[in-house]
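Here is how names work: the chains are called A, B, and so on, in the same order as the sequence lines, proteins then strands, and each is numbered from 1.
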Protein chains: 2
Amino acid sequence: MAYRKTPAVQDRLAAAKDRLIQCATSVVADVGWANASVTAVAAAAGMSVGSVYQHFPSKGALAVEVFRRASAREVEVLGEVLRDGSGDAAERLACGVRVFARRALQHPGLAYALLAAPAEPALGEARSEFRRRYRAVFTDVVREGVAAGLFPQQDAEVTAAALTGAIGEVLVDPLSAPTGDAADHLVAELMAMSLRCAGAPSATTG
Amino acid sequence: MAYRKTPAVQDRLAAAKDRLIQCATSVVADVGWANASVTAVAAAAGMSVGSVYQHFPSKGALAVEVFRRASAREVEVLGEVLRDGSGDAAERLACGVRVFARRALQHPGLAYALLAAPAEPALGEARSEFRRRYRAVFTDVVREGVAAGLFPQQDAEVTAAALTGAIGEVLVDPLSAPTGDAADHLVAELMAMSLRCAGAPSATTG
DNA sequence: GTCTATAGTCTGATAGAC
DNA sequence: GTCTATCAGACTATAGAC
């Protein structure tokens, strides 16, 4: 008969699974989804291919989990800044964009994998959800700004989607990650563009 | 020894290749890149798998050609409106966005495949080029608007990239293609958002 | 028992014979 | 042009190490 796993065993399993996910994330950030074969991931995690399939039913499921964890972190960080930051809606929006951009520029491989890389088919749905969540957090700030008369009347959902796409596109294009002054310039322009996009008045003044 | 192909043969080959590309485009628009196997494409084109490889050296090459043709059409249409349309930069930008959006909403399957679908690894480069070209046409209008004092000072490249990403994201998300009034609303919001994004003054006024 | 290594099956891309 | 063989990579089954 089947015995319940002891806590110690459960912990060990969970730890191994965690490590597997982390290693897989590194591999993907390094070589992209296309080249992240199960064999390569297993090797990076120091385990056999068979063991990988003890943690995940398929390569796609592992990919989804890798994607979910990485993207959840980003959405969470952004959401905190947008919701709990200080200042009015425009200031929080600008701050959120800066944080998002800086994080992406620091981990370009991961950002590219999350935002734009040709991906496992299984990631289609996960990516959609990721974007929905980004929209949700942006939608809230935009709505707030409109309610406060800070932004003009607009469909907050559309603006939120636009911000999501715009920021992703700007950050991902130069596969060559800009550094130093170039990065600062990019972030500054991105913040200005986001404010204009929402219709913050300062945008047209300067 | 190898004889030069007669013109008649060349024409027949070119026609077959054309049909193959068109059929492949339909298949991709229907089932996405992931399910567009060479077998499926060959079947749709009424030829054998082996024949497909007489026209293209690899599946990736065929995918790139499908992508190139479809995206080139879109970029061209947009470019014409933005360059040769009537009115100032803001008016042409708004008009270009409307045209782009309407076309995408009419062919949602193809739009999704071009803009956002999980794709063949080989398409990574093609997609980058596609986006660079979008940026290029947007960059020109934005520059012109800035020069005319219509838009505020800004990095036109960044705004162009943002417009590319924003429009794509807004159009692609609701995999359920909006129809009738909903589509009109979406297009109108998209145009307003694009003008705000570039900093057109009317945007903050109403 | 759980992990590893390994050798198999299966699917789909690709090459080559016909 | 078609058909068949090969190859790669996802996935599975099994045997042995600890």
Query - Closest to the Ser58(A) side chain, choosing from dC11(D), dA13(C), dT4(C) - result: dC11(D)
Query raised in the report: Tell me: CZ of Phe56(A) to C1' of dT12(D), nearest whole Å?
Result: 18 Å
Query raised in the report: Can you check the Lys59(B) NZ to dA15(C) P distance for me, whole Å?
Result: 14 Å
Report summary line: In whole angstroms, the gap separating P of dG9(D) from OH of Tyr53(A) amounts to 13 Å
Requested in this report: Would you classify Gln54(A) as touching base, sugar-phosphate or nothing, given that sugar-phosphate means primed atoms plus P, OP1 and OP2, and contacts are heavy atoms under 4.0 Å?
Outcome: sugar-phosphate
Report task. Just call it for Ser51(B): base, sugar-phosphate, or nothing, with non-hydrogen atoms closer than 4.0 Å on any strand. Result -> base
Query raised in the report: Under 4.0 angstrom, heavy atoms only, what part of the nucleic acid is Gly46(A) near: base, sugar-phosphate, or nothing?
Result: sugar-phosphate
Report summary line: In this structure, CD of Gln22(A) is separated from CZ of Arg69(A) (nearest 0.5 Å) by 7.5 Å
Report summary line: Against the side chain of Thr39(B), the closest entry in dA10(D), dT14(C), dA13(C) is dA13(C)
Query raised in the report: Contact class for Gly50(B) (heavy atom, under 4.0 Å): base, sugar-phosphate, or nothing?
Result: base
Query raised in the report: Counting only heavy atoms not in Asp84(B), do more than 12 fall under 6.0 Å of its CG?
Result: yes
Query - Aromatic centroids of Phe138(B) and Phe100(B) separated by under 6.0 Å - result: no
Report task. Calculate the interatomic distance between Glu120(A) atom CD and dC11(D) atom C1'; express it in whole Å. Result -> 14 Å
Query raised in the report: Expressed in angstrom and rounded to an integer, what is the separation of Leu62(B) atom CG from dA13(C) atom P?
Result: 11 Å
Query - Whole angstrom value for the distance that separates P of dG9(D) from CH2 of Trp33(A) - result: 18 Å
**Report entry** Side-chain touch Leu78(A)/Val99(A), heavy atoms, less than 4.5 angstrom
**Finding:** no
